[in-house]
Amino acid sequence: MAQNSTTLAGGVAALDDDRRYQAAVSKDPRFDGVFFIAVTSTGIYCRPSCPAITPKRANMRFYRSAAAAQEGGFRACKRCRPDASPGSPEWNIRADVVARAMRLIADGVVDRDGVEGLARRLGYEQRQVRRLVTAELGAGPLAIARAQRAQTARILVETTALPLSEIAFAAGFASIRQFNATIREVFAVTPTDLREARGRVQKTRRLLPPPSGAGAPGLIRIRLAYRAPIDGERMLGYLAARAIPGVEEMRDGRYRRTIMLPNGPGILSLAPASGYVDCELQLEDLRDLTAAVQRCRRLLDLDADPQAVTGYLSADPVLGPLALANPGRRSPGHVDGNELALRAVLGQQVSVAAARRLGARLAAAYGKPLSRPDGPLTHCFPEAETLAAADPATLPMPRSRALALTGLASALASGELVLDPGAERDRAEAVLLALPGIGPWTASYIRMRALSDPDAFLPSDVGVLDALARLGVFGTLPTGTGPSARARATRAAAELAESWRPWRSYAVHHLWAYLEEKER
């Protein structure tokens, strides 16, 4: 299992058609979103796990993206809904320009800024970006964004009572005509047919909540797909323990928080269910749906392949028992890289509880109030530009940390430091380490959560070292707590973690969760 899992997550591009065919025959859901199967005899494309009878091998074509299948003239299967597959785990693992481009496209950059804006963020010419993405995905950035736009429109058609004309522009289409043509081409039905069909299914099977016509403004309820298993309870507990009052809360088993999106604020609410994550979004501007969905996925690490991670770590003598006992462990990311970085500085050398209190005071003083507060959710976390302009002397923290916070905020506000989904991780870490008051722990933590790096490690983290000590790793090292003993333990932890690549972020969460259980 470990070998096959590693092939899925670490070498997707190396999969040949014979292996893809075997995945289709076995209906393996791990490959959903990794590649797509088009059937020439029916003109449709499917997930590898589609429950329909496997077509003849001669009638099958394989594509790396839904956009490429659509460009090939195939329409989405109505049974398995391949357009709603989880994303490929490959894009978070890789750090090259194509992976960075895919993360940015998923966040809606092409819809907002075009291919020109995408190329500018990547630091490449438009022609080169098109060439690289097309060579690997079988479709260019515009086609990939178009496929994503069609899925966004479908969500809005099926889950809201908005007029179709409003949906067209909210999903990013330039005109009603383009919207109608794309929906017909991708799904082989009109937008009106989509809404009517979903209404019939709703009455008979109750697959989704009723349209949100009279609920909160901009309320959308959707299901977020993931690759099983998932340790949803621990993940929500991790987020709840760090929730900043006024910005986040846990209520009735749901994690809720405010979020600042490209076109305005919003509120998200997430709760793992059987086979999916139940997601509620309240958006002031529905054009932010694509970005909001993607940021929820990054927050909960929903595009991960847990079998690949577990299959690799299970062979390790230290982490093996933890990985096998918790095969659905995830590495939570964040909805906003800038916010996570600023909060990482707030949490330096203080307890989690103290960092929450400090974050709440900062949000109340500098955060943007919601025009429509929802219970205890009243503010968005302060933006970098606001904190960059703040007087360090007025911030509720020691002066050295206040200077580190405003210095970081200035680097983010000026663009010197970029922590968006397409950021170059190595460069971002180098910029962070050059800032006053930012050390290796903070830089690695930001890399792990703000940039969703699956291979970040925190060798000096107190929790990591304590967990390793309890697991007997430091049996031959001094048991004291002095600087020398701590330095030796940190070096030993870093050396040990080399064998956990490329999944060291997951190793950190296994160790933290182990410690949480021991301290209950």
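This structure is a prediction, so every number in the text was calculated from the model and none was measured.
Checked by atom type and distance alone, the side chain of R130 never pairs as donor or acceptor with a backbone atom of G140 at under 3.5 Å. The backbone N or O of C50 lies less than 3.5 Å from a partner atom in the side chain of K27, making a donor-acceptor pair. Although no hydrogens or angles enter the test, the distance criterion places no donor-acceptor pair under 3.5 Å between the side chain of E71 and the main chain of A67. No side-chain donor-acceptor contact under 3.5 Å links S269 to the backbone of E280. Although no hydrogens or angles enter the test, the distance criterion places a donor-acceptor pair under 3.5 Å between the side chain of R330 and the main chain of D301. No donor-acceptor pair closer than 3.5 Å links the side chain of R75 to the backbone N or O of I44. With hydrogens and angles disregarded, a donor-acceptor distance shorter than 3.5 Å links the side chain of S26 to the backbone of A23. The backbone N or O of G33 lies less than 3.5 Å from no partner atom in the side chain of S88, so there is not a single donor-acceptor pair. Between the side chain of T310 and the backbone N or O of Q307, no donor-acceptor pair lies under 3.5 Å.
Rounding to the nearest 0.5 Å places OH of Y45 at 5.0 Å from CG of D83. The line from CZ of R425 to CZ of R100 is 10.0 Å long, rounded to the nearest 0.5 Å. The CG atom of D16 lies 10.0 Å from the CD atom of Q22; values are rounded to the nearest 0.5 Å. Taken to the nearest 0.5 Å, the CZ atom of R112 stands 11.0 Å off from the CG atom of L118. To the nearest 0.5 Å, the span separating CG on L408 from OG1 on T442 amounts to 9.5 Å. Separating the CD1 atom in I259 from the CG atom in L268 is a distance of 5.5 Å, to the nearest 0.5 Å.
Nearest heavy-atom pair across S444 and E429 is OG-OE2, 4.0 Å. Closest of all the heavy-atom pairs between A139 and S65 is CB-OG, 4.2 Å. Shortest non-hydrogen contact noted between A228 and P306 is O-CG, 3.6 Å. Scanning all heavy atoms of the two residues, the minimum distance from L468 to A493 falls at CD1-CB, 3.8 Å. Pairing each heavy atom of Y445 with each of A344, the nearest pair is CD2-CB, 3.8 Å. In this structure, W503 and I93 approach most closely via the heavy-atom pair CH2-CD1, 3.6 Å.
F187 meets the ring pair (Phe, Tyr, Trp, His ring centres under 6.0 Å) test with no other residue; sequence neighbours excluded. With sequence neighbours excluded, no residue forms a ring pair (Phe, Tyr, Trp, His ring centres under 6.0 Å) with Y124.
Between R295 and D107 there is a salt bridge, since a side-chain N of the basic residue sits under 4.0 Å from a carboxylate O of the acidic one. Taking a cutoff of 4.0 Å between a charged side-chain nitrogen and a carboxylate oxygen, R504 and E498 qualify as a salt bridge. Looking at D252 and R254, no side-chain N of the basic residue comes within less than 4.0 Å of a carboxylate O on the acidic one, giving no salt bridge. Between D113 and R121 there is a salt bridge, since a side-chain N of the basic residue sits under 4.0 Å from a carboxylate O of the acidic one. Ion pair R329/D231 flagged as a salt bridge, since at least one NZ, NE, NH1 or NH2 atom sits closer than 4.0 Å to an Asp/Glu carboxylate oxygen.
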Inset, instruction - In sequence, state the C-alpha distance, the side-chain angles, and the governing distance for N326 and H510, and then conclude on side-chain contact (heavy atoms from CB on, under 4.5 Å). - result: CA-CA 8 Å; N326 303 279; H510 274 300; 4.0 Å; yes
Inset, instruction - Start with the C-alpha gap between L137 and M102, add the side-chain angles, then the distance that decides, and say whether side-chain contact (heavy atoms from CB on, under 4.5 Å) holds. - result: CA-CA 10 Å; L137 277 299; M102 291 299 290; 4.1 Å; yes
Inset, instruction - Start with the C-alpha gap between R356 and E248, add the side-chain angles, then the distance that decides, and say whether side-chain contact (heavy atoms from CB on, under 4.5 Å) holds. - result: CA-CA 10 Å; R356 289 182 63 199; E248 302 166 281; over 6 Å; no
Inset, instruction - Verify side-chain contact (heavy atoms from CB on, under 4.5 Å) between C296 and L224, making sure each step is shown before the conclusion. - result: CA-CA 9 Å; C296 289; L224 304 180; 3.9 Å; yes
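Residue pairs that meet the salt bridge (Lys or Arg N to Asp or Glu O under 4.0 Å) test with at least one member in residues 34-61, sequence neighbours left out, are D32-R47.
A side-chain contact (heavy atoms from CB on, under 4.5 Å) with D466 holds for exactly one of L471, L515, D461; it is L515. Test D278, L156, V293 against I222 for side-chain contact (heavy atoms from CB on, under 4.5 Å) and you get one pass: V293. For the salt bridge (Lys or Arg N to Asp or Glu O under 4.0 Å) with E158, the qualifying choice from R81, R223, R221 is R81, the only one to do so.
R298 has its side chain within reach of N92: a pair of non-hydrogen atoms, C-beta onward, lies under 4.5 Å apart. Side-chain contact check for L419 versus L340: every heavy-atom pair is 4.5 Å or farther apart. At least one side-chain heavy atom of Q282 sits under 4.5 Å from a side-chain heavy atom of R256. In this structure, L342 and L412 have side chains that are in contact, with non-hydrogen atoms separated by less than 4.5 Å. Under the 4.5 Å side-chain criterion, counting only non-hydrogen atoms from C-beta, L281 is not in contact with D288. Annotation: side chain of S460 is in contact with side chain of T490 (closest heavy-atom distance under 4.5 Å). Two residues are said to be in side-chain contact when any heavy atoms from C-beta on lie closer than 4.5 Å; D96 and L132 fail this criterion. In this structure, the side chains of R343 and H334 come closer than 4.5 Å at one or more pairs of heavy atoms.
Side-chain contact annotation: Q70 with Y63, donor-acceptor N/O pair under 3.5 Å absent.
Within 6.0 Å of CD in E233 there are 12 or fewer heavy atoms belonging to other residues, nucleotides or ligands. The number of heavy atoms from other shown groups lying within 6.0 Å of CD (E519) is above 12.
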